[in-house]
Amino acid sequence: YMMLGSFLSPLRNFRTDGYAGHSFDGRAKLLLRVVGTIRRKTGDDFPITVRLSGFERQAGGREINDTQRLGPLLVEAGVDCFHVSGGVGDGNITQIITGPEYEPGYNLAAATALKQVVDVPVMFVGQNMDPLRAEAILQNEQADIIAMGRALLADPELPDKARTGRLAEVNRCILCQDCVDVMNSADQGTGCAVNPRCGRERDYPLVRTGSEKKVVVVGGGPGGLEAACVASERGHRVTLLEREAELGGAFQTASTVFPHNRLFLDYLLGRVRSLPIELRLGESATDATIEELAPDAVIVATGGRFLVPELAGRDGTNVISGDDIFALVEKGAADDGALPEGPIAVVGGNLMGLELAEWLARKSCRVHVVEPSRRLAMPVGKKRRGDHSKRLDLLGVPVNTGVNVQGIDADGVHLDLGGDRESVVKAKTVILVGERIADESVLASLRALAPEVRAVGDCTGFGLSKKAVAEAMQAAYAI
C-alpha cells in the first residue's frame, strides 16, 4: 500500500522510465526486484509473504485481473504466500478497513481468483468475523488461510470459543471502526469500543478479587451490564437494578439506528444472564431498596439526559425532541406507518443525529441534516465520520453545517446565513436532537447509602457505549 504498492498502482505511479505506471511491466518491476533480492539473501528456507490489494476498486486503479496476472511472477521471484486485502492506501484506509456498507469477506473473490493461478497458499482479510463462514470458505477451497484482525480485538478468545463450540459467547466486532480512530489519535494505541480490556490487558488481568464484596449496579445499559459482569467475574456478589422492564437502556435505540450495535447488546445480555447476577427489572434504586440490599459498593450507570437547544418554536406540534426520539424509533422500527410525516429536518449533526438521519433515509424518508457547528458525528473520529458522510451522500441526505438556527415553525427550520442572508429548510417534521449531558441526580441521592459509590457512563457526561464500558471496567476493578 505504501511505497511498493504505490509503484504497482496507476493511481500513484506517474513515472515515465522503466518503472512507468502506464505499463504492467513497469509497475511490477520494483516489487519483483525487491522479492528477488530478499530471496537471494535469505535462501530457500525463509518464508516470504506478500500482502497486496487484490482489487483497488477505483477508476484508473489496478483492474480486477491485475493481481492474478502478477501472482505467478511473484511466485517465480520467490513468494511463498499471499495475503490479499483490497482498496487503496489513502489517509482513511478506504476499503482496507470497512464499515457495515461492505459485506463480510468482501476480498474473497480476488483471493479465489489469485489462488486459481498460483501454487502457494493464499490468505485473505476483510470482515472475516464469523468462524463458521470462515470454515466453509476453507472447505470450499476458496482460500487457504483466513486472516482476522478486528474480530480478535473484540474477542481475543474467539478461536478457542469456536473450537469448543461456544460461538454464542463470542463478543463480535460491530464495525464501528473505533479501533482505526484510536490508531489515528494522539495516543496511536490499540483500542476497541466493545472490549475495554483491549490494549490494557496488564491493567486489568483476568484474576479474581481477594476480598468478596456485595455490589449493587444501578442501570441496565451497556455501562451497567459491563460493570455487573466484570464485578461478578471477579468474584463479587452482584445485584443489578433496572427501572424498566427490559435491559439495554438507550442502547436499545442505538441498536435500531445502527443495527450492528445489536451484536454487542446481545453479547452483554447473554453474558449477564450466564453469571450469578441477581437481576431486578422494573425496580428503581430507591433509598429503601439500597438500604435493604446493604451493599458494600454501588456502581451508578443511569445514563444522561437530553439538553435541547433554546429555539423559538421548539415546543411546536411538528417538533420531536428529548426522550420522544426514543419513542419515535421504537414505533418506527415496528411499523413504517408510524414514521413522522416528511420531509424531515434533523437539527443536530452529532453521531446520534447522523445515525437517526441514516435510519430514516433507509426507510425512504426524505431527510435534511442541519448542524450549527462545523463538526459532524461528534464524538467519533475521522474514519467513522467519513463513512457516515459517504452513506448520507448515497442516501441522498443533504447536510448543512456552520449555520445558525433561528427557529422552527410550520414551514420548517429557519437559518441565519450571516450578512442578512436567510433560508428555510422546508420540513413538515423537525427532530431536535440536542445533546446528552451528565445527569447525577441518582448518584447524588445514593452517595450516603453505601461505603463506596462510583459512577460510569453518560451519567457523568456523554461518551457513547465505549466510555460507558471502559469506565465500568475501571469501577469494577477499583472495588
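None of these values were measured; they are calculated from a predicted model.
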Which pairs count as salt bridge (Lys or Arg N to Asp or Glu O under 4.0 Å) when at least one residue sits in residues 147-163, sequence neighbours excluded?
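Only Asp155-Lys161, Asp160-Arg163, Asp160-Arg166 qualify under salt bridge (Lys or Arg N to Asp or Glu O under 4.0 Å).
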Check: [Y] main-chain N/O paired with [X] side-chain donor or acceptor under 3.5 Å:
X      : Y     : answer
Gln95  : Gly86 : no
Lys383 : Ile97 : yes
Ser9   : Gly5  : no

Distance, nearest 0.5 Å, that separates OG1 of Thr49 from CD1 of Ile145
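Reported value, rounded in 0.5 Å steps: 7.5 Å.
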Nearest 0.5 Å, please: how far is CZ in Phe264 from CZ in Arg271?
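Taking CZ in Arg271 and CZ in Phe264, the distance rounds to 7.5 Å.
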Report all side-chain donor-acceptor pairs from residues 312-320 shorter than 3.5 Å, counting only partners two or more places apart or in another chain.
from: Arg314; atom 1: NH1; to: Val308; atom 2: O; distance (Å): 3.0
from: Arg314; atom 1: NH1; to: Pro309; atom 2: O; distance (Å): 3.3
from: Asn318; atom 1: ND2; to: Asp409; atom 2: O; distance (Å): 3.1

Can you sort out the partners of Phe306 under ring pair (Phe, Tyr, Trp, His ring centres under 6.0 Å), two or more places apart, ordered by chain and number?
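Phe306 satisfies ring pair (Phe, Tyr, Trp, His ring centres under 6.0 Å) with Phe326 once adjacent residues are dropped.
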By side chain to side chain donor-acceptor pair (under 3.5 Å), which residues pair with Lys467, not counting sequence neighbours?
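For Lys467, the residues satisfying side chain to side chain donor-acceptor pair (under 3.5 Å) (neighbours in sequence not counted) are Thr460, Glu471.
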Can you find a heavy atom in the side chain of Ile479 that is under 4.5 Å from one in the side chain of Arg234?
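Sidechains of Arg234 and Ile479: no contact.
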Please identify each residue that fulfils side-chain contact (heavy atoms from CB on, under 4.5 Å) with Met148, with sequence neighbours left out.
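Checked Met148 against side-chain contact (heavy atoms from CB on, under 4.5 Å); matches are Asn128, Ala134, Ala151, Leu152, Leu158.
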Working note: Asn350 + Glu435, criterion side-chain hydrogen bond (donor to acceptor under 3.5 Å, both in side chains); need CA distance, chi angles, decisive distance, verdict.
CA-CA 8 Å; Asn350 55 18; Glu435 60 179 318; over 6 Å; no
Which of these, Val456, Val238, Val453, Leu240, sits in a side-chain contact (heavy atoms from CB on, under 4.5 Å) with Ile299?
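For Ile299, the side-chain contact (heavy atoms from CB on, under 4.5 Å) test succeeds with only one of Val456, Val238, Val453, Leu240, which is Val456.
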Residues Phe124, Gln142; criterion side chain to side chain contact (heavy atoms under 4.5 Å, CB included); working and verdict:
CA-CA 10 Å; Phe124 84 104; Gln142 295 168 280; over 6 Å; no
Qualifying ring pair (Phe, Tyr, Trp, His ring centres under 6.0 Å) pairs, either residue in residues 372-426, two or more places apart
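Of all non-adjacent pairs touching residues 372-426, none passes ring pair (Phe, Tyr, Trp, His ring centres under 6.0 Å).
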